[in-house]
Protein chains: 2
Amino acid sequence: MLTLPSWRASFPGLAGISEQVSRLLDRKAHTTKLRQGTVIFGPGSPAENLLLLVSGTVRVQQLSEAGREIVLYRVHSGESCVLTTACLLAFEDYSAEGIAETDVEAVLIPRDDFDELMSLSKEFRAFVFEAYSKRITDLFLVIEEIAFKRMDIRVAQKLLALMGDDKTLHLTHQKFAIELGTAREVVSRQLKEFERRGWLNLSRGTIELTDPNSIRRLAETP
Amino acid sequence: MLTLPSWRASFPGLAGISEQVSRLLDRKAHTTKLRQGTVIFGPGSPAENLLLLVSGTVRVQQLSEAGREIVLYRVHSGESCVLTTACLLAFEDYSAEGIAETDVEAVLIPRDDFDELMSLSKEFRAFVFEAYSKRITDLFLVIEEIAFKRMDIRVAQKLLALMGDDKTLHLTHQKFAIELGTAREVVSRQLKEFERRGWLNLSRGTIELTDPNSIRRLAETP
DNA sequence: GCTGCGTCGGTGAGTTTGTCACAAAGCCGC
DNA sequence: GCGGCTTTGTGACAAACTCACCGACGCAGC
């Protein structure tokens, strides 16, 4: 029986791989730590590795020419940053970037080793395609929301999604607006309206949800 | 030297594969024809095959709960419908559907054979990931446009993108609106405005571009 | 031809969202 | 307390979406 490096425990999708492949993986994978705020990939610095997140989160966002931004999705611990692998190979001119939102521990698999693993292991292929699938459905969801959903509902949903256990968010209205790909004023007004309804308290840099149930009710209106 | 089936000429990305893999591909690949309007995959009918388009086009669009729609991208001849392969494996509850926009000739590669090809051929893997890359950048572009671009510019761009050599489009305003994920009235008004400016002529079911250069100038404003 | 019917396009009114400009309030270092 | 910076608030306006409805067109059946 093999002794697995500890990071492997975070990736149940890799549990079924053969002993041979497991050894290859251990030999090729580098563990790294990234500071909060590190730009992992982006315009001008294409990704050269498949990234497996052991701890922390990575935020992937899109930049527009006009300087506006939108958060596309987040990669959490136990997940991989697969979309970049596709973009490893071809078009480097995509305008998305990945940023370490917290301090991050990650495992890096270089491009060539990634390819070898894809060749050798059915389980690894399944792992990769499943990750792709999740990201792509996330993107479809983003498109559906910005194209069709009302802003008040989107704000309510995002409040709940970003809320910690203490029901409090620590971010500026500007950053919240980027989450939704909209303008700061729109978010400010909407939050003010929620405050008038007694659903939350606003102060500089924090949003405290006082009535999450009402917010949830709005978020779940079809 | 092998004699390749004629469909292989459409896929330069597969030119470099080895003889062994080439034989496998020929043995496993089924050619089919699909009638215009056929739903290739969609809610309730997940894709079971990788699709390589030999001729015709496939339109992939998203349906919202409220009944609104948006065109995500098109697959043209010489391209493959790879995003569905990811979704082969996992989440079946995505609300996108693929429709044969014209009569279509396609080559089908069943899931298991797809997996075997991924295992055997570096070139096949490169082909698949390049296709992924293109689709994903397409999706990023869609997000950028619906989130940040003005409607008049998007209408102008779409007119040029859908224009045939005869500078004429044959579709209803409703269908044009679905291309952009917006409402029919918005498109109708915008087209009417373009007609007032003398850029095009409208009649029931057709749009005739009389001044494509002006339209292009608008489409290219940053 | 004419009639009826379904589809397609046009339009006004009201709401929501985005843009712009600027003011007010909070925070920090001095 | 005082400047300087960041964050939030707000009014006015423009753009986009929604809703309701009507008229115009095209076609099948008479």
Side-chain angles (χ1 to χ4, degrees), chain A residues 62 64-70 142-159 168-197 199-208 218-219 221-222, chain B residues 62 64-70 142-159 168-197 199-208 218-219 221-222:
Chain A
Q62 168 96 338
S64 88
E65 302 167 27
R68 281 185 52 185
E69 304 173 55
I70 181 170
V142 169
I143 290 176
E144 177 159 349
E145 303 219 314
I146 53 184
F148 304 132
K149 289 270 180 73
R150 286 215 329 261
M151 206 62 218
D152 53 349
I153 294 173
R154 294 179 60 207
V155 169
Q157 287 175 342
K158 195 55 87 173
L159 282 170
T168 303
L169 300 168
H170 295 277
L171 38 53
T172 65
H173 294 185
Q174 178 58 54
K175 284 188 178 146
F176 197 100
I178 291 173
E179 295 287 332
L180 299 170
T182 185
R184 198 255 319 155
E185 297 91 318
V186 173
V187 164
S188 286
R189 270 193 269 265
Q190 201 61 65
L191 290 174
K192 206 69 193 156
E193 170 61 24
F194 288 176
E195 191 181 40
R196 269 190 288 273
R197 294 183 199 171
W199 293 359
L200 44 76
N201 291 324
L202 296 174
S203 59
R204 196 183 174 88
T206 69
I207 304 168
E208 183 199 355
L218 176 60
T221 52
Chain B
Q62 167 98 339
S64 88
E65 300 166 26
R68 281 186 51 187
E69 302 172 55
I70 181 170
V142 169
I143 290 176
E144 178 161 347
E145 303 220 311
I146 53 183
F148 304 131
K149 288 270 179 75
R150 286 215 329 260
M151 206 61 217
D152 54 350
I153 294 173
R154 295 180 59 206
V155 169
Q157 286 174 342
K158 196 54 93 175
L159 283 171
T168 304
L169 300 165
H170 294 276
L171 40 51
T172 65
H173 294 186
Q174 178 59 54
K175 283 187 178 149
F176 197 100
I178 290 173
E179 295 286 332
L180 298 171
T182 185
R184 199 250 323 151
E185 297 91 319
V186 174
V187 164
S188 285
R189 271 191 266 262
Q190 201 62 64
L191 290 173
K192 206 70 193 158
E193 170 61 23
F194 288 176
E195 191 181 40
R196 268 190 290 273
R197 296 182 196 171
W199 294 358
L200 44 74
N201 291 323
L202 296 173
S203 59
R204 198 183 174 86
T206 69
I207 303 168
E208 183 200 356
L218 176 61
T221 54

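Chain letters run A, B, ... following the sequence lines, proteins first and then strands; every chain starts at 1.
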Could you check which residues of residues 143-152 of chain B get a heavy atom under 4.0 Å from DNA chain D? Sort them by number, please.
B:Arg150, B:Met151

With a 4.5 Å heavy-atom cut-off, do B:Leu169 and B:Phe176 have their side chains touching?
yes

Report the residue (A:Ser188 or B:Glu185) whose heavy-atom-nearest nucleotide on DNA chain D is the more 5′ of the two.
A:Ser188

Reading DNA chain D 5' to 3', which nucleotide is the first, and which the last, to come under 4.0 Å of any heavy atom in chain A?
D:dT6 to D:dA12

Could you give me the CA-CA distance, side-chain angles and deciding distance for A:Met151 and A:Leu180, then say whether side-chain contact (heavy atoms from CB on, under 4.5 Å) is met?
CA-CA 9 Å; A:Met151 206 62 218; A:Leu180 299 170; 3.6 Å; yes

B:Glu195 side, atom CD; B:Leu202 side, atom CG - distance, nearest 0.5 Å:
4.0 Å

Between B:Thr206 and B:His170, is the side-chain hydrogen bond (donor to acceptor under 3.5 Å, both in side chains) condition met? List the steps.
CA-CA 4 Å; B:Thr206 69; B:His170 294 276; 5.2 Å; no

Under 3.5 Å, is there a donor-acceptor pair between the B:Glu144 and A:Gln62 side chains?
yes

Atom-pair distance (CG on B:Leu200; C1' on C:dG9), nearest Å:
14 Å

Classify B:Arg154 by what it touches in the nucleic acid, base, sugar-phosphate, or nothing, heavy-atom distance under 4.0 Å.
nothing

Is the number of heavy atoms from other residues, nucleotides or ligands within 6.0 Å of NZ (B:Lys175) greater than 12?
no

Upstream residue (5' side of DNA chain D) when B:Gln190 and A:Leu202 are each assigned their closest nucleotide
A:Leu202

Rounded to whole angstrom units, what separation is found between the CG atom of B:Leu191 and the P atom of C:dG9?
9 Å

Using side-chain heavy atoms (C-beta onward) and a distance below 4.5 Å, is A:Gln190 in contact with A:Arg154?
no

Answer yes or no: is there a side-chain heavy-atom contact under 4.5 Å between A:Ile70 and B:Phe148?
yes

Side-chain touch A:Leu218/A:Asp152, heavy atoms, less than 4.5 angstrom
yes

Nucleotide N/O of nucleotides 6-8 of chain C paired with protein N/O under 3.5 Å:
residue	atom	partner	partner atom	Å
C:dT7	O2	B:Arg204	NH2	2.4
C:dC8	O4'	B:Arg204	NH2	3.3

Quick check on B:Lys149: does its NZ atom have over 12 non-hydrogen neighbours (other residues, nucleotides or ligands) under 6.0 Å away?
yes

A:Arg184 has an atom CZ; how far is it from atom C1' of C:dA23, in whole Å?
12 Å

Do A:Glu145 and A:Gln157 have side chains that approach each other closer than 4.5 Å (heavy atoms only, starting at C-beta)?
yes

